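Below is one structure; the comments refer to it alone.
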Amino acid sequence: MAVVFDRTNGLVDRPTHYCPGCTHGIIHRLVGECLEELGVLGDAIGVAPVGCSVLAYDYFNCDMHEAAHGRAPAVATGIKRTLPDKVVFTYQGDGDLASIGAAEIIHAAHRGEKFTTIFVNNAIYGMTGGQMAPTTLIGQKATTAPYGRDVEHSGMPLKVSEMLSTIDGAVFVERVSVHNPANIRKTKKAIKKAFEIQLKGLGFGIVEVLSTCPTNWGILPTDSLKWLETNMIPYFPLGNLRMPKEVE
Amino acid sequence: MSKVLMKGNEAIGEAAIRGGCKYFFGYPITPQNELPEYMAKEMPKRDGVFLQAESEVAAINMVYGSAGAGGRVMTSSSSPGIALKQEGISYIAGAELPCVIVNISRGGPGLGGIQPSQADYFQSTRGGGNGDYRLLVYAPATLQEMVDLVMDSFEVADYYRNPVMIVGDGMIGQMMEPVEFREPKKRELKEKTWVTTGTKGQRKPNIINSLALDPAKLEEHNFKLQKKYNEMEKNEVMYENTNLENAELVVAAYGTTARIVKNVIEELKEEGINVGLIRPITLWPFPTKAFDEIPDSTKALLSVEMSLGQMVDDVKIASNGRWPVHFYGRTGGMIPEPEDIKSKIKEILGGR
């Protein structure tokens, strides 16, 4: 019988610590599959963030470097400038990338650093227990926004992809989601494209992946997928915001 | 090789390149800017990489990435900038990566001023970042000593897989002196099997990390680090003892301050007062054993610093109650006057 689905060699054979219903596992697998299919696992160096995916270095089957909160793009810059022929990526959550690490991601994009960022946006701080993120939606409750996020108090949710797409060095910017199989396939396509752009040396690429947090949203995994679709996508619209001319 | 006249900060840059530095990540701050400027000019010509980061925080994390990827890497800054780098320095020490960090220090606290100061002694020798870690800290007093130590520091960092910090001050960074670039002292180095350079499918993934959620494992890691720091204390201590024979009083001073004290010692000799000098070259490990050479003729110790008494703590620990320890210091970028140091010494020796 033909094998239609198998585990990827891009991940090590180890159970993850993620909560039931969390979509980090799917996104990890897609990144692993892309690295494997592109034949670059042996040349890949990943940078793990602080947050729920802090232990990503235990799951990817390639060399990994753990970074301080928000600093993954600076660490990746150091790696890529030292080893320009390697495939370097950062895997970061919204607290890590959009809050404490906003300067690092903007300037890595601005310099056109030739690495790839996988940005997982679930609109909340997961690991520290459900505090408000820069991406938390208006009215969305979080432990540090117990009455729901208020624009007057905390501003509008930060649209990272739109912001980065104004920067010339960011040659590939796409927002995708993993709330259903069709979109999971689109997510994989975008991640692969971002890595291909790195391999061509065209500049900085980022894939923002809308993701769920059933535990801290306080709803069932299936309801989380629906909540993402109904609430997150209207504010964080899916689609490509920047594509290099050479690739279009 | 003949001597060349160079400005301190530029001499550091040249020494680093000759010591094998291939990657430099920095951010401008006075009074060390000639160093990154020198690297910006020279690195592209000499098969190296210079990159100006968006902040000190980013710069030290670029160092972290580069060191993990096997690069011989350096950064430099001045006091408030080094304060910003402390987060990254703690991570680098925790992950056991080699790198060289230069602090051309200035007056503080806060934004402070831009004149020379030694008020970063605690920041350099007591950690500054979080956790149980140590840096090897050199404090040269002349540009020749500076370039020698900078050249050797990359080997030392690689040998211990630990950051090495070089502390100068605005005076040393800005002054000009003739220097000779010698060959760096080579050490027997192990192959860097731990680097993140890609598995090539030939080995298991390498992980550069300072996270250990299991406290028993973290304690074990800290014990391992401590063992390394003990090795440094045993093997890396450097100091200079001057004029100790028949000294009535011994001054402890380092860097620029030690140069001033040396002049004071000569002037006091003419007045018939014998004063010795202990000059730590490594601030950490502190040269406690230098104090064993103090003769019976010595009645008191005096720590002279461009700070309000930071090294004096180490001098007290090293003296271990054997002598009374006095202190004289200026701060904020003020440089101790020889006359004031002389008066202090005479005051301690008591109306002789």
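Computed from heavy atoms alone, side chains included, the values below leave out hydrogens, waters and symmetry copies. Residue numbers start from 1 in every chain, and the chains themselves are labelled A, B, ... in the order their sequence lines are given, proteins ahead of strands. This one's a predicted model, so the numbers in the text were calculated from it and none came from an experiment.
- Neither the backbone nor the side chain of B:V73 comes within less than 4.5 Å of any heavy atom in chain A.
- Under a cut-off of 6.0 angstrom, the local environment of CG in B:L211 is crowded, with over 12 non-hydrogen atoms contributed by other residues, nucleotides or ligands.
- Judged as a salt bridge (charged side-chain N to carboxylate O under 4.0 Å, His left out), not a single pair has a partner in residues 46-56 of chain A (not counting sequence neighbours).
- Within 6.0 Å of OH on B:Y159 lie no more than 12 heavy atoms contributed by other residues, nucleotides or ligands.
- At a 4.5 Å heavy-atom cutoff, the contact between A:A44 and chain B is made by backbone atoms alone.
- Heavy atoms of A:L41 lying under 4.5 Å from chain B belong exclusively to its backbone.
- Of the two parts of A:I106, neither the backbone nor the side chain holds a non-hydrogen atom closer than 4.5 Å to a non-hydrogen atom of chain B.
- A:F204 is linked by a ring-ring contact (aromatic ring centres under 6.0 Å, His included) to A:F115, counting only residues two or more places apart in sequence or in another chain.
- The part of B:L51 that comes within reach of chain A is its side chain, from C-beta onward, which places non-hydrogen atoms under 4.5 angstrom from that chain.
- Here B:N33 pairs with B:P28, B:T30, B:E37 under the side chain to side chain contact (heavy atoms under 4.5 Å, CB included) rule; sequence neighbours left out.
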Please tabulate, one pair per line, the donor and acceptor atoms of chain A and chain B that lie under 3.5 Å from each other, or say none if there are none.
{"from": "B:Y23", "atom 1": "OH", "to": "A:T82", "atom 2": "O", "distance (Å)": "3.3"}
{"from": "B:E54", "atom 1": "OE1", "to": "A:R111", "atom 2": "NH1", "distance (Å)": "2.8"}
{"from": "B:Y64", "atom 1": "OH", "to": "A:E66", "atom 2": "O", "distance (Å)": "2.8"}
{"from": "B:S66", "atom 1": "OG", "to": "A:T82", "atom 2": "OG1", "distance (Å)": "2.7"}
{"from": "B:E87", "atom 1": "OE1", "to": "A:R71", "atom 2": "NE", "distance (Å)": "3.0"}
{"from": "B:T197", "atom 1": "N", "to": "A:D63", "atom 2": "OD2", "distance (Å)": "3.0"}
{"from": "B:T197", "atom 1": "O", "to": "A:K86", "atom 2": "NZ", "distance (Å)": "3.2"}
{"from": "B:G198", "atom 1": "N", "to": "A:D63", "atom 2": "OD2", "distance (Å)": "2.8"}
{"from": "B:T199", "atom 1": "N", "to": "A:G42", "atom 2": "O", "distance (Å)": "2.9"}
{"from": "B:K200", "atom 1": "N", "to": "A:G42", "atom 2": "O", "distance (Å)": "2.7"}
{"from": "B:K200", "atom 1": "NZ", "to": "A:D43", "atom 2": "OD1", "distance (Å)": "2.9"}
{"from": "B:R203", "atom 1": "NH1", "to": "A:D63", "atom 2": "OD1", "distance (Å)": "2.7"}
{"from": "B:R203", "atom 1": "NH1", "to": "A:D63", "atom 2": "OD2", "distance (Å)": "3.4"}
{"from": "B:R203", "atom 1": "NH2", "to": "A:D63", "atom 2": "OD2", "distance (Å)": "2.7"}
{"from": "B:N206", "atom 1": "N", "to": "A:D63", "atom 2": "OD1", "distance (Å)": "2.7"}
{"from": "B:N206", "atom 1": "O", "to": "A:M64", "atom 2": "N", "distance (Å)": "2.9"}
{"from": "B:I208", "atom 1": "N", "to": "A:M64", "atom 2": "O", "distance (Å)": "2.9"}
{"from": "B:I208", "atom 1": "O", "to": "A:E66", "atom 2": "N", "distance (Å)": "2.7"}
{"from": "B:N209", "atom 1": "ND2", "to": "A:Y57", "atom 2": "OH", "distance (Å)": "3.0"}

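- Minimum interatomic distance between B:A58 and A:A74 (heavy atoms only, all atoms of both residues): O-CB, 3.6 Å.
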